[in-house]
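Here is the structure we will look at.
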Amino acid sequence: MDDNQQYGTQPYGSPQTVYSPQPQAAPTMPATPGALPPNTVYPQPVPGGDPDDDVPRKLSASAVAGLGLGIIGIIFSFIPIINNVAFILGIIGLVFGIIGLVATKRGGKRRGRGLAIAAVILTVLAMVITLVMQQATGKALDDALGTSSTTSQSASSGAKKDSGDSSSSAAASGAQDTEGDLGKLHVKIVSAAKSGADYNGQPTVLVTYEWTNNTDKNQVFSVATSAKAFQNGKELDMAIYTEAPAGYDSNASLQEIQPGATQQVSVGYVLQDDSPVDVEVSGTLDFSGAKVSHTYQLQ
């Protein structure tokens, strides 16, 4: 047997065939329409999820504006007259709050639903407080001003203290000499006399008033009335005493009295000279022009 055949070699000089491993082809999947590659993991849908949940949502500007208007409205609602503005702000803020609620509903494009709810609550509360305060203020003014019949009786009471045509004229203008009614308060100027020096050594006049509370609430003289003294057309300063004159009580004008009660109050004023002193008393909330007055010649 030939050596070449024995060892399985080719004759010398003949071309040698080199065998190399062939790449294995990947198994192919059937060409089925819509078929997916094997072992592919896809995100599973979350029940009730929103495809837009991963997109950051902006804060609702309407909710923020409504909340701001609600806070301002609450602050202003307690202030008489100014609370008219609070009511208007409450209406505007309520509209913004409702818009914010719609914009921040589930699946909406805006966040801040809690702010929108707070805005609606605060704006409604501001309007309610405004209405209550206005009603209370109106009642207080009615109590202070009284009715037209009370004003008529006040003029008649003042006329009894005067004589002739001059007294009738004074009553018609609202001026009452020495004693009269100021709305539902009855006031009398009892006396005015020179008194001791004030803390600065200046001469003073001590004026004594008597008043009756005919309202249905407790009243304070220094709050319910405005008592003043004048010399030469200029208002006198109130006196501060180091040693209180006889019968003087500095706290009397700050004490409350109940409906129907009567109280005497003394007030000291610093004199400018020896000229006559004009004493005037008017109601703090009485805008009718009524007043009780008298001129005193000091001895």
Side-chain angles (χ1 to χ4, degrees), residues 23-145 215-220 222-224 226 254 256 283-287:
Q24 296 294 324
T28 59
M29 299 293 294
T32 304
L36 301 177
N39 302 324
T40 302
V41 179
Y42 291 92
Q44 298 298 316
V46 179
D50 191 338
D52 293 332
D53 283 347
D54 57 342
V55 179
R57 295 188 297 170
K58 294 182 179 179
L59 184 63
S60 172
S62 298
V64 175
L67 181 62
L69 292 174
I71 295 174
I72 297 174
I74 286 289
I75 296 174
F76 285 173
S77 63
F78 292 95
I79 306 175
I81 300 177
I82 297 179
N83 55 16
N84 291 323
V85 178
F87 192 84
I88 298 175
L89 293 179
I91 295 175
I92 299 174
L94 180 60
V95 173
F96 277 118
I98 294 174
I99 295 175
L101 284 175
V102 175
T104 58
K105 67 180 181 180
R106 184 177 182 85
K109 302 299 183 182
R110 294 289 185 269
R111 60 186 176 88
R113 187 170 183 80
L115 297 180
I117 295 174
V120 172
I121 295 174
L122 289 179
T123 51
V124 172
L125 189 60
M127 290 188 288
V128 171
I129 294 175
T130 298
L131 294 176
V132 172
M133 290 297 296
Q134 287 181 346
Q135 183 178 5
T137 302
K139 186 177 184 302
L141 289 174
D142 290 341
D143 290 342
L145 294 176
T215 70
D216 57 355
K217 298 179 181 178
N218 291 0
Q219 298 289 345
V220 178
S222 60
V223 175
S226 175
L254 301 176
E256 285 189 358
T284 304
L285 297 177
D286 185 2
F287 304 105

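Count residues from 1 along the sequence. Owing to the predicted nature of the structure, the values given are computational and were not obtained by experimental measurement.
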*Just one of Gln134, Met127, Met133 clears the side-chain contact (heavy atoms from CB on, under 4.5 Å) bar with Thr130, so which one?*
Gln134
*For the residue pair Asn83 and Thr137, establish whether any side-chain heavy-atom pair is separated by less than 4.5 Å.*
no
*Could you state the interatomic distance from CD1 (Ile129) to CG (Leu125), rounded to the nearest 0.5 Å?*
4.0 Å
Going by atom type alone, with no hydrogens or angles, which donor-acceptor pairs under 3.5 Å involve a side-chain atom of residues 67-80 and a protein atom two or more places apart or on another chain?
from: Ser77; atom 1: OG; to: Gly73; atom 2: O; distance (Å): 3.4
from: Ser77; atom 1: OG; to: Ile74; atom 2: O; distance (Å): 2.7

_Side chain Thr284, main chain Val223, donor-acceptor under 3.5 Å_ = yes
*Considering residues at least two apart in sequence or located in another chain, which fulfil the side chain to side chain contact (heavy atoms under 4.5 Å, CB included) criterion with Ser62?*
Ser60, Phe96, Ile99
*Determine the minimum heavy-atom distance between Gly112 and Leu59, stating which atoms define it.*
CA-CD1, 3.8 Å
*Could you tell me which non-hydrogen atom of Thr104 sits nearest to which non-hydrogen atom of Ala116, and how far apart they are?*
OG1-CB, 4.5 Å
*Gap between atom CD of Gln219 and atom CD of Glu256 - 0.5 Å precision*: 8.5 Å
*Leu101 side chain near Arg113 side chain, heavy-atom distance below 4.5 Å*: yes
